[in-house]
Amino acid sequence: MKSTSTEELIQDERYLQLLSEKFPDVSSVATEIINLQAILDLPKGTEHFLSDLHGEITAFTHVLKNASGVIRRKVDDIFGMTMRQSDKNALCSLIYYPSEKLALLRNKEKDIDDWYRTTLYQVVAVARVVSSKYTHSKVRKLLPAEFAYVIEELLYENEDSVDKQSYYAELINSIVEIGRSEKVIIAICQLISRLVIDTLHIVGDVYDRGPGACDIMETLSNYHNFDIQWGNHDISWMGAAAGNLALIANVVRISIRYANVETLEEGYSINLLPLANFAYDTYGNDKCEAFQTCDFEENSRMSRSMQLMARMHKAISIIQFKLEGQIIQRRPEYKMDDRRLLHLIDFKKGIITIGGNEYKLLDTNFPTIDPADPYRLSNEEEQLMQQLHHSFTHSEKLQNHMRCIYKHGSLFLVRNNCLLYHAAIPLNADGTFTEVNIDGKKYKGRALMERIDQLIRRAYFGPDGTDEKSKALDYMWYLWCGPDSPLYNKDKMTTFERYFIKDEQLIKEEKGPYYILANNADTCDNIMREFGLDPEKSRIINGHIPVRTTHGESPMRAGGKRLVIDGGLSKPYHKTTGIAGYTLIYNSHGLQLVQHEPFESKEKAVQEGSDIHSRVQLEEFKYHRMLVRDTDRGKELMVQIDNLRKLIMAYRQGLIKEK
């Protein structure tokens, strides 16, 4: 440590006084320094990166429980050929789902006490390996107080020593004899699952498509350490929860389209009955052929009739197009007037004129659109949106989940030489950063991402009734579908055309230059430098665009400088990607990109030991094992150590009195 003068200590005196409240004497400071120095030389914790969960709660939960195959590989390494494969499968299943597995086995095993003893030895062996790179203190904090002492003894005593063999065996026997076997096994299994993933990164899109987004958010809300880089579907829900009417309509429309109203109704208590009544009254004789719910017949979760759902789908879609037109009209700075289409309809002829060309509409029944003022909501539509607005803004669980997603989320993250963002950094065709006008000031690159992050927070937390919050709320909608949005970055979103016009060229959405240029190493280098990273040591991690392995696409782009980890965890994407998701694992040895096959069910995992079959597609091992001191957390600890050393000097020089 560099020498610190008395003058420097005096300058830092106020901070050091605060620090002395926690460390009141030289002895306590020295103990903390020794502890932090030891942590610096431990291997870095394992980070797992997932993206585009899209409500796929079953697969997501299992990926967490099996740590993307890490636990299975640990079991294979520990027991090798000394254990049958079926027994290793059963052990893994036990670690993933201890309570369920124990309930299944306790009545099947002939000598349950003998099984308990064997199993305790096995789970302890796994726990020892996964806990070896953490301090005893950290492991102790994760243990239930009731069993902390005995589990610590099992983890840290050397049963191979002749002197300890009988003691270790007696610990196991005592646990079995006093009837605490199952509780101890569960505690150890939970410890294993907790330690194999030190940090979880979700690179966007928890919401939409699948039915379990609410359950995923509940899992994350209780997870030990995670962050999320907001995706476009997350932003849609965040804006809806903040009260943006167009995004409320968008969330409802997508939920109905993908037969996923249970997330709204059962998960978040959003009342869709007013919409159902309005749709029935308004479109009761309308076949709504363009608005049939995706895969309705294959979806046993739907409780309403197919025709009613189609009517609800059409009703909320028309409302959405009106509300979007209102935003575009009051925000000309978005330059999206080409997305206002309702006034281009000739209602008598049943055609629409776009770009000077006439197109026949697939549906011409518009009972709520006034040709003289097509973007005005009818009185009934106005009342319906007021009811939905109240439901969204007063749903306790939805608001709790939104506060969680704000607390743990951001538009981008720089962590341990990785740059994480969901979709894109807006670029010009020549590779330079696109300048985006926000409130009369131009932003680009990192400055743009930081400014947008501020607006996203203002939309939710800003004072109600202010012009600043109103602008931020509208900008949330722009982020969903705007050309220069880093979460979308296409020339247009052709939702209206997909419903009403049969023309493949018209519904085409042109991606921004980023999606091509970011496959180039030089472009990735420029982006990483913009965010303060060394391109020689760093990489970009994205989701958003599913990797179509069936078309020969690879998740590794720009010579490995950019990793696209959207492998289609959600079932609707399995046909597109040919797989069932990726997990990027970053441990002390390097990077591993794990490719998943579809997961059958939790029941089969418990009963038959089935698992998500994963294979490592990429392995990158460093020349030396990465330590905590090599990470961003290590840099923070070194600053803490430096400040603690200053505190010791302040004590010894009499500037601060020991307590």
Taking atom types as modelled, find out whether N437 and E435 have a side-chain donor-acceptor pair closer than 3.5 angstrom. no
G284 to R311 - nearest heavy-atom pair and separation: O-NH2, 2.7 Å
Are a donor atom and an acceptor atom from the side chains of S51 and D566 found within less than 3.5 Å of each other? no
I351 and K360: which non-hydrogen atoms are nearest, and at how many Å? CG2-CA, 4.3 Å
For N260 and T263, the nearest pair of non-hydrogen atoms, with its separation, is OD1-OG1, 2.9 Å
Could you walk me through whether H313 and Y499 satisfy the ring-ring contact (aromatic ring centres under 6.0 Å, His included) test, starting with their C-alpha distance in whole Å, then the side-chain angles of each, then the deciding distance to 0.1 Å, before giving a yes or no? CA-CA 11 Å; H313 189 182; Y499 285 122; 5.3 Å; yes
Determine the minimum heavy-atom distance between Y515 and H544, stating which atoms define it. OH-CD2, 3.5 Å
Is it true that H596 and T583 share a donor-acceptor pair across their side chains at a distance under 3.5 Å? yes
I'd like a table of donor-acceptor pairs (distance under 3.5 Å, sequence neighbours excluded) in which one partner is a side-chain atom from residues 504-512, with atom names and distances.
| from | atom 1 | to | atom 2 | distance (Å) |
| --- | --- | --- | --- | --- |
| E509 | OE1 | Y488 | OH | 3.3 |
| E509 | OE2 | T494 | N | 2.9 |
| E509 | OE2 | T494 | OG1 | 3.1 |

Just how far is it from atom CG of N232 to atom CG of D52, taken to the nearest 0.5 Å? 8.0 Å
Y223 and L64: side chain to side chain contact (heavy atoms under 4.5 Å, CB included), yes or no, with the steps? CA-CA 10 Å; Y223 202 69; L64 288 190; 4.0 Å; yes
Please report the closest heavy-atom contact between P486 and A423, naming both atoms and the distance. O-CB, 3.2 Å
Heavy-atom distance under 4.5 Å between the side chains of I216 and I202, does that happen here? no
Could you tell me whether a side-chain N or O of H48 sits under 3.5 Å from a main-chain N or O of I585, the two making a donor and an acceptor? no
Q399 side, atom CD; F392 side, atom CZ - distance, nearest 0.5 Å: 10.0 Å
Taking NZ, NE, NH1 and NH2 as the nitrogens, is one of them in E497 or R339 under 4.0 Å from a carboxylate oxygen of the other? yes
Answer yes or no: does atom NE2 of H390 have more than 12 heavy-atom neighbours from other residues, nucleotides or ligands under 6.0 Å? no
Would you give the length of the straight line joining atom CD1 of I352 to atom CG of D346, rounded to the nearest 0.5 angstrom? 10.5 Å
Can you tell whether the side chains of D337 and R340 come within less than 4.0 Å, N to carboxylate O? yes
Among residues at least two apart in sequence or on other chains, which ones pass ring-ring contact (aromatic ring centres under 6.0 Å, His included) with F226? H408
Step-by-step ring-ring contact (aromatic ring centres under 6.0 Å, His included) determination, Y207 to W230: CA-CA 10 Å; Y207 283 92; W230 303 316; over 10 Å; no
Do F412 and I425 pass the side chain to side chain contact (heavy atoms under 4.5 Å, CB included) test, and can you show the C-alpha distance, the side-chain angles, and the key distance before you say yes or no? CA-CA 10 Å; F412 71 94; I425 304 294; over 6 Å; no
Check for a donor-acceptor pair, side chain of Y375 on one end and backbone N or O of L342 on the other, with a separation under 3.5 Å. yes
Got H401 and C214 here, is their nearest side-chain heavy-atom distance under 4.5 Å? yes
Judged by atom type as modelled, is there a donor-acceptor pair below 3.5 Å linking the side chain of D205 to the main-chain atoms of H233? yes
Would you check if Q386 and E382 make a side-chain contact, meaning some heavy-atom pair closer than 4.5 Å? yes
Which of I405, L487, I452 passes side chain to side chain contact (heavy atoms under 4.5 Å, CB included) with I235? Answer is L487
Is any side-chain heavy atom of L245 closer than 4.5 Å to a side-chain heavy atom of I319? no
Would you find more than 12 non-hydrogen atoms of other residues, nucleotides or ligands less than 6.0 Å from N285 atom CG? no
Say you draw a straight line from CG of D363 to CD1 of I501; how long is it, rounded to the nearest 0.5 Å? 12.0 Å
Please examine the side chains of T434 and L448, heavy atoms only from C-beta on, and report whether any two atoms are closer than 4.5 Å. no
Under a 3.5 Å distance rule, please check whether Q307 uses its side chain to pair with a backbone N or O of K287 as donor and acceptor. yes
Going by atom types only, do Q454 and R457 share a side-chain donor-acceptor pair under 3.5 Å? no
Under the 3.5 angstrom rule, does the side chain of D234 hit a backbone N or O of G204 as a donor-acceptor pair? no
Do any N or O atoms from the side chain of E333 and from the backbone of D439 form a donor-acceptor pair under 3.5 angstrom? no
Polar side-chain atom of N542 near backbone of V564 as donor-acceptor pair, under 3.5 Å: no
Heavy-atom count around F461 CZ within 6.0 Å, excluding the residue itself: above 12? yes
dist D227:CG -> L220:CG (nearest 0.5 Å) comes out at 10.0 Å
Heavy-atom distance under 4.5 Å between the side chains of D215 and T61, does that happen here? no
Would you check if the distance from the ring center of H201 to the ring center of F49 is below 6.0 Å? yes
In short, side chain to side chain donor-acceptor pair (under 3.5 Å) pairs touching residues 475-485 with sequence neighbours left out are E324-W477
Can you tell me if D453 uses its side chain to pair, donor with acceptor, with the backbone of L411 under 3.5 Å? yes
Derivation of the ring-ring contact (aromatic ring centres under 6.0 Å, His included) call for H62 and Y97: CA-CA 9 Å; H62 191 75; Y97 305 102; 5.7 Å; yes
Approximate separation, where rounding is to 0.5 Å, of Y258 OH and T293 OG1: 11.5 Å
Does the side chain of R451 reach to within under 4.5 Å of the side chain of V436, using non-hydrogen atoms? no
Check the pair F321 / I369 against side chain to side chain contact (heavy atoms under 4.5 Å, CB included), numbers first and verdict last. CA-CA 11 Å; F321 299 140; I369 298 180; over 6 Å; no
Would R446 and F531 count as a cation-pi pair here, with the cationic atom under 6.0 angstrom from the ring centre and within 45° of the axis? no
One thing to verify: whether D338 and K492 come together as a salt bridge, which I'm taking to mean a side-chain N less than 4.0 angstrom from a carboxylate O. no
Quick one: are L50 and I565 in side-chain contact, heavy atoms under 4.5 Å? no
Starting from the C-alpha separation in whole Å, work towards a yes-or-no answer on ring-ring contact (aromatic ring centres under 6.0 Å, His included) for F500 and F366. CA-CA 12 Å; F500 290 104; F366 301 109; 5.5 Å; yes
Hey, is the main chain of H54 close enough, under 3.5 Å, to the side chain of D208 for a donor-acceptor pair? no
Short side-chain to backbone donor-acceptor contact, K469 and G462, under 3.5 Å: yes
Show, in sequence, the C-alpha distance, side-chain angles and deciding distance for V261 and I256, and conclude whether the side chain to side chain contact (heavy atoms under 4.5 Å, CB included) test is met. CA-CA 6 Å; V261 294; I256 295 173; 3.8 Å; yes
Identify the two heavy atoms, one from G243 and one from H389, that lie closest to each other, and give their separation to 0.1 Å. O-CD2, 3.4 Å
